[in-house]
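Below you'll find the structure, written out as structure tokens, and then a few comments.
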Amino acid sequence: MIGKKIQDNKDIRPNTRELIKLKENFPQFFNKEGEFELDKFQEFLKEEEIDISKEGYGLEFLGKSYAKYLSSLETETYLAPDIDHNSKEENKNSENLYIVGDNIDALKHLLGSYAGKIKCIYIDPPYNTGSDGFVYPDNFRFSAEEMSRNIGITEGEAQRILNLAGKSTHSAWLTFMYTRLVLARDLLSDDGVIFISIDDNEQANLKLICDEIYGEENFICDFSWRKKTGANDAKDIAVITESILLYSKNKELVINEKIFKRDLNSINMSRYSKKDQYFNERGYFYYDTLDRGGLQYSDSMNFPITLPDGRKLYPNNRKKFENDGWIWKWSKNKVNWGIEHEFIDFIKVNNEFTVKYKVYELVDNEGNPREQRGRAFSNLILDPINQIGTNEIKALFDNVALFNNPKPVNLVKYLINTIFSQDINILDFFSGSATTADAVMQLNAEDGGERKYIMVQLPEKIEKNKPAYEAEYRTIDEIGRARIEKAAAKIKKETKADIDYGYKLYYLEKPEEKTLVELENFEPEIKLITDDMVSIFDNSHASGKESILSTWLSEDGYGLTKETEDYKLDQYLAKLIGKSLYIIEEGLTDEDVMTLIKSIESEELDISRVVIYVHSIQFNVLHELRKNLKVLRNNKNVSLIERF
């Protein structure tokens, strides 16, 4: 399943990822040997009159080349679905995801299906205080000699990078974050944004690496969040704020698409108390009088309006034309339009009519959607304070503070709520106590949105002296998942909203070293099948077949929330989804191959790909499959994807 990736990793270099993108977008600048033709590219830049800056500015740190190298490596893990959890009624149709494992590997798996599809990322990574909290976790599987060879540095520098393991230095923290931010960028949609919480210790460095990864021109703002109201124990200056950096994938597109909405809390929404037959498309409304004095007078705005009883009415309830300074706020043509489209009502009080127009919640007085009402959201966030996040956890977990300083739900809601779209994918790959999932569910319950969340959390062990351990939680992800389920029950009880309360659960697993060696040395054309290479991926959550299928579905763009269906050949049961047929287990026969070919040619089976696990297919059967798929009748074209 991951054998080819292991083999491909031998050829990875620090800039492999960037070169692949360059070749995909500018193939004309590569020769047939795959070499980049710099002279031709420079000539292209001159022809297009592109300005080339001579200024060199950036952040260099020990481990940067290694971080870039890590971002290019293929993951050697696989996705194991939690079958029992995912089959529960509340989870089986859910489009939310929770992945347990190292977020580098999780991000690489997500790229297969979610590249360019995440509208919003919020992360609260571990802070580097220099003394506690963050410790660089990489155990480094390379020797200094191997690292030197792979990433093109001296052995001395390689050894210094290896020495970062277990450290809490600036270089260690930046090495840790750089890879993850590179991968996160590729997951963002073109108009996507990323929020990153950070304290003063690394804020400046984080800003510099984000400028490099996302582009300085795509920086939007630095939110200043007041995390506490005071600090009486401060020795010098009381630090009561944290930063939340906001970057976009493409700021110009973000601005043009107007993805940020206005803060409706700046509007007196209580005024919008009436509704009519246009409620669904126009929202609630309030009445405002159509005539007003004190405006710049114009005869053209001083005209009669015909009332329902046939009488004529001028501004200021006059029955005839005169200039007393009062006029209508709308022109004659707009008044006629307003009456026709029921933006204007005639209100009768004591046998007298007044003319009023409706100010709707969702459309303006031209009938256009109201997208820019209210003030812009502020980069100064005064509430809620950090203690509220702790109180929220205690309220869900029988008054026990299971998590240190979790972010308050309303903080994350504030950030997510700056974005117009209500059907977006939201990713948090430092999930922690799962505040982001809680925030997404609360927002959906409030406004009927269909936001989906993807949470990723390392199964970090809980120390025995912690309250969470006493409460029988052993890893951080257990707390996060319990919080989602408790919060879902609470929201459902309080709101009765019809939203997605469940989530699909996956674990990242790594094969044993012996299996990795076998996969690395596997040669499909000459090696005979001697072992069951499916069951080696069995785990406590799923069978090997289920794990292989989930990993491939993610890699092939089908995601991790869609279901496959069985498709019977002669006797063999394959898995079908979209235009792909998956053959994983042993047992495929010549008869099955012929049934498959007939089904494709007769158009009973409409597919474009057959994906097979080479380890499970006898060589003679594989040969028949290859041969027959190449000569399909009726101009059929079906690719054979061989994986090992």
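Worth knowing before you read on, the calculation uses all heavy atoms, side chains too, and leaves out hydrogens, waters and symmetry mates.
Shown here are the ring pair (Phe, Tyr, Trp, His ring centres under 6.0 Å) partners of Phe279, two or more places apart in sequence or in another chain: Tyr284. Tyr506 meets the ring pair (Phe, Tyr, Trp, His ring centres under 6.0 Å) test with no other residue; sequence neighbours excluded. Under the side-chain contact (heavy atoms from CB on, under 4.5 Å) criterion, Leu307 pairs with Asp309, Arg311, Leu313, Phe346, Phe353, Val355, not counting sequence neighbours.
Tyr247 has its side chain within reach of Lys207: a pair of non-hydrogen atoms, C-beta onward, lies under 4.5 Å apart. Between Pro408 and Asn386 the shortest side-chain heavy-atom distance falls below 4.5 Å. With contacts defined as side-chain heavy-atom distances shorter than 4.5 Å, the pair Ile426/Ile454 does not qualify.
The pair Lys407-Glu242 counts as a salt bridge, with a side-chain nitrogen and a carboxylate oxygen less than 4.0 angstrom apart. Contact check on Lys92 versus Glu89 returns a salt bridge, with a Lys/Arg side-chain nitrogen under 4.0 Å from an Asp/Glu carboxylate oxygen.
Checked options Phe343, Phe303, Tyr357; the residue passing with Trp330 is Tyr357 (criterion: ring-ring contact (aromatic ring centres under 6.0 Å, His included)).
Between Tyr314 and Phe321, the ring-plane angle classifies as perpendicular under the 30° and 60° cut-offs. Using bins of under 30°, 30° to 60° and over 60° for the plane-to-plane angle, the ring pair Tyr503/Tyr98 lands in the tilted bin.
The number of heavy atoms from other shown groups lying within 6.0 Å of NZ (Lys251) is above 12.
Between Ser94 atom OG and Asp500 atom CG the span is 3.5 Å, to the nearest 0.5 Å. Atom NZ in Lys492 sits 12.0 Å away from atom CE in Met441 (nearest 0.5 Å).
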